[in-house]
Amino acid sequence: MRMIVKEDRKSVVAWAIAFVLAALWLLIALLPFLYMVMNSFKGQFEMLVSGVFSLPEALNFDNYVAVINGGFLGYLLRSIIVTSVSLAGMVLISAFASYPLSRMKFKLRGFLYGLIIACMSIPMHVTLIPVFKMTTASGLYDTLWALPGPYVAFAIPMSVFILANFMKGIPVEIEQAAEIDGCGKYRTFFEIIIPLSKAGISTLCIYNGITFWNEFAFVKTLTQSVKAQTLPMAINNFKGEHSVNIPVILAVLALSALPMIIMFCILQDKLVKGMTAGSVKG
Amino acid sequence: MVNRQPTLSLQQRRKRSTAVAATWFLAPALILMVIYIAYPVVETFHISLYTWNGISPDRTFIGWGNWETLLQDSRFWQAFINNIKIMVLSILIQIPIGFLLATFLDADSKKFNLFKVVWFLPLLMSSVAIGFLFQYALATNGGLISTISNLLGGKNIDLLGSPDRALYTVIGVIAWQYIPFYMVYFLAGYSGFDDQIYEAALIDGASRSTFIKVIGMPMMKPTIISACIMSLIGSLKYFDLVFVMTGGGPGYATDIMATYMYSTSFKYFKMGYGSTIAAGMFILITAIAVLVRRVLTGKEER
């Protein structure tokens with residue numbers, strides 16, 4: 001409730017302009033989605049004949065049925081597996097790393113922190129060929145398990161940056177009290193630091209959950225067959241098979257966006273709060 | 001060890017146990033990063049000295065040959081310039097609009113919840129999905145823009161097929177995708193403000209626009225700067241969306257470093273030269289990141 005309104009004519013005009021622009025941006029943000037959903041219910045030729053802005057003749061789910069029969073649920077399941085495994089690994093490993101970097105004093109601390117953070121600007125493409133080689137050599141190529149390793153590794157720099165900043169804010173006294181009570185470093189970590197970092201950890205899960213769910217370059221390079229591929233490849237593969245049947249592809253797009261939209265509706269409030277927890281402390 | 005232990009003071013022992021604990025806590029992250037980031041980066045530079053198709057075991061050492069080619073490779077430099085164009089325009093478009101949207105929402109985020117939800121939607125779609133969606137939505141025949149143009153009495157507009165317009169179209173789509181991110185980021189920045197600041201400004205009779213100009217913008221400066229750095233590094237790394245939507249085409253009009261690297265390595269299987277492109281990309285991005293960080297943080301301190 002931060003209305004600072006001087007009810008004079010000038011501010012009324014300003015608000016009117018702001019609302020018009022806001023509505024315009026609403027339209028820009030929404031139009032591609034409307035296009036996608038509306039046309040995904042149309043037949044292949046219906047779309048060509050009737051134009052993009054007309055409502056579909058009937059609400060026919062044929063395209064969606066075709067997509068689901070085309071193995072969509074398998075892709076969905078694999079995406080869920082890869083994303084959850086990677087998230088679990090990411091949370092554990094970056095929490096482990098953030099703890100000493102934010103709360104212990106040792107020689108190489110500054111150097112190691114700087115080194116990890118510097119990796120944020122390294123593009124994954126620089127590593128793509130060697131990672132491809134290693135994956136082939138280790139026998140992980142074309143399996144689901146090729147993916148969590150690189151996903152987690154590339155998520156660490158950003159995650160440590162956010163989480164270490166967050167952990168710095170936890171009062172030292174709590175930790176000292178635990179130490180006096182005979183609580184070792186490891187127990188302190190699991191029983192005090194982790195529970196107190198929940199807000200920071202949920203920020204990481206939001207950021208990285210979206211990234212893992214949508215990741216494309218590694219899946220495309222490290223897998224070949226459907227049995228190892230996640231949702232972004234479903235879109236790619238359906239496009240290859242049905243390149244002329246646009247409504248079917250729009251149905252794939254709509255279906256693959258749906259889980260994220262549902263998650264967003266559930267977690268909406270946490271999202272902005274979570275972003276706040278991590279983003280702008282430093 | 002056992003004999004020496006009693007000679008250590010309590011403080012020394014504490015120091016040592018801290019170091020041991022720190023090592024254990026850091027080990028998993030460091031090991032993973034060495035395997036998937038550090039070693040591959042070094043190996044990429046190594047492979048850049050060979051010609052190699054990526055499949056056969058034998059590769060030929062050619063020294064700096066690939067690097068000499070890269071320096072004179074107009075397609076690489078064109079791709080780099082495209083990256084730079086995307087970078088500059090992304091910052092100029094995404095940050096101000098994201099800032100405006102956040103400022104609007106911050107006025108009363110409960111009442112404007114519908115705006116917030118809809119504005120956020122693009123961020124939930126994968127780059128791949130957005131790439132395909134816009135390929136159809138911006139089609140010359142029957143796409144959104146062409147249809148609107150027809151309704152207004154104009155002709156079809158070819159956006160992605162025209163070498164002059166394709167890159168700017170791509171930049172527009174990238175903006176559509178990422179503006180919500182900066183919006184939320186700035187919104188988070190605003191929510192870090194103390195409510196008392198607003199109250200004080202209100203008592204002094206500040207209007208909302210004066211408030212933003214005089215207090216909001218300066219206080220948001222660190223947030224704006226880090227948003228700029230993120231946008232900058234992000235635009236040098238773009239891949240998915242461009243790869244899917246245009247594949248670098250028409251011709252090489254929307255080719256960027258990452259798509260050029262990918263097609264060289266995994267479509268034409270020239271992994272030696274592909275590694276050279278990747279390594280070149282690494283050098284350029286690191287140089288720009290270091291430079292910009294220095295300039296921006298230097299300014300901040302003054």
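Remember, predicted model here, so these are calculated numbers, not experimental data. A, B, ... follow the sequence lines: proteins, then strands. Residue 1 opens every chain.
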Interchain contact, [X] with chain A, by part (heavy-atom threshold 4.5 Å):
| X | result |
| --- | --- |
| Ile130(B) | neither |
| Gln135(B) | side chain |
| Met261(B) | side chain |
| Val117(B) | both |
| Leu138(B) | neither |

Residues of residues 276-284 of chain B within contact distance of chain A, non-hydrogen under 4.5 Å: Ala278(B), Met281(B), Phe282(B)

Of Leu121(B), Leu123(B), Leu124(B), Ile97(B), which meets side chain to side chain contact (heavy atoms under 4.5 Å, CB included) against Pro180(B)?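 Running side chain to side chain contact (heavy atoms under 4.5 Å, CB included) over Leu121(B), Leu123(B), Leu124(B), Ile97(B) with Pro180(B) returns exactly one hit, Leu123(B).
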
May I ask you to name which of [options] has the most heavy-atom pairs under 4.5 Å with chain B?
| options | value |
| --- | --- |
| Ala217(A), Ser256(A), Gly149(A) | Gly149(A) |
| Leu31(A), Leu250(A), Leu21(A) | Leu31(A) |
| Arg109(A), Met134(A), Glu215(A), Met263(A) | Met134(A) |
| Ser94(A), Pro150(A), Ala97(A) | Pro150(A) |
| Leu231(A), Thr136(A), Leu253(A), Leu112(A) | Leu253(A) |
| Ile93(A), Val126(A), Thr127(A) | Val126(A) |

Between Phe25(B) and Tyr186(A), does the ring centre distance come in under 6.0 Å? yes

Could you tell me whether a side-chain N or O of Asp106(B) sits under 3.5 Å from a main-chain N or O of Ala102(B), the two making a donor and an acceptor? no

Taking atom [atom1] of [X] and atom [atom2] of [Y], what is their separation to the nearest 0.5 Å?
| X | Y | atom1 | atom2 | answer |
| --- | --- | --- | --- | --- |
| Phe132(A) | Leu222(A) | CZ | CG | 8.0 Å |
| Phe264(A) | Ile206(A) | CZ | CD1 | 10.0 Å |
| Lys237(B) | Ser121(A) | NZ | OG | 6.5 Å |
| Asn83(B) | Tyr260(B) | CG | OH | 13.5 Å |
| Ile28(A) | Leu30(A) | CD1 | CG | 11.5 Å |
| Cys119(A) | Phe154(A) | SG | CZ | 8.5 Å |

Under 4.5 Å from any heavy atom of chain B, what part of [X] do you find: side chain, backbone, both or neither?
| X | answer |
| --- | --- |
| Phe106(A) | side chain |
| Ile261(A) | both |
| Lys239(A) | side chain |
| Ile249(A) | side chain |

For each of Ile285(B), Leu133(B), Ile233(B), tally heavy-atom pairs with chain A at distances under 4.5 Å, and name the one with the top tally. Leu133(B)

If you compare all heavy atoms of Lys105(A) against all heavy atoms of Thr18(B), which two are closest, and at what distance to 0.1 Å?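 Looks like O-CG2, 3.7 Å.
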
Evaluate Ser127(B) against Tyr238(B) for side-chain hydrogen bond (donor to acceptor under 3.5 Å, both in side chains), listing each step before the verdict. CA-CA 10 Å; Ser127(B) 301; Tyr238(B) 278 137; over 6 Å; no

Students often mix this up, so state it plainly: with edges at 30° and 60°, are the rings of Tyr99(A) and Phe189(A) parallel, tilted or perpendicular?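 Rings of Tyr99(A) and Phe189(A): tilted, as their planes differ by 30° to 60°.
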
Is it true that the side chains of Tyr151(A) and Thr83(A) contain a donor and an acceptor less than 3.5 Å apart? no

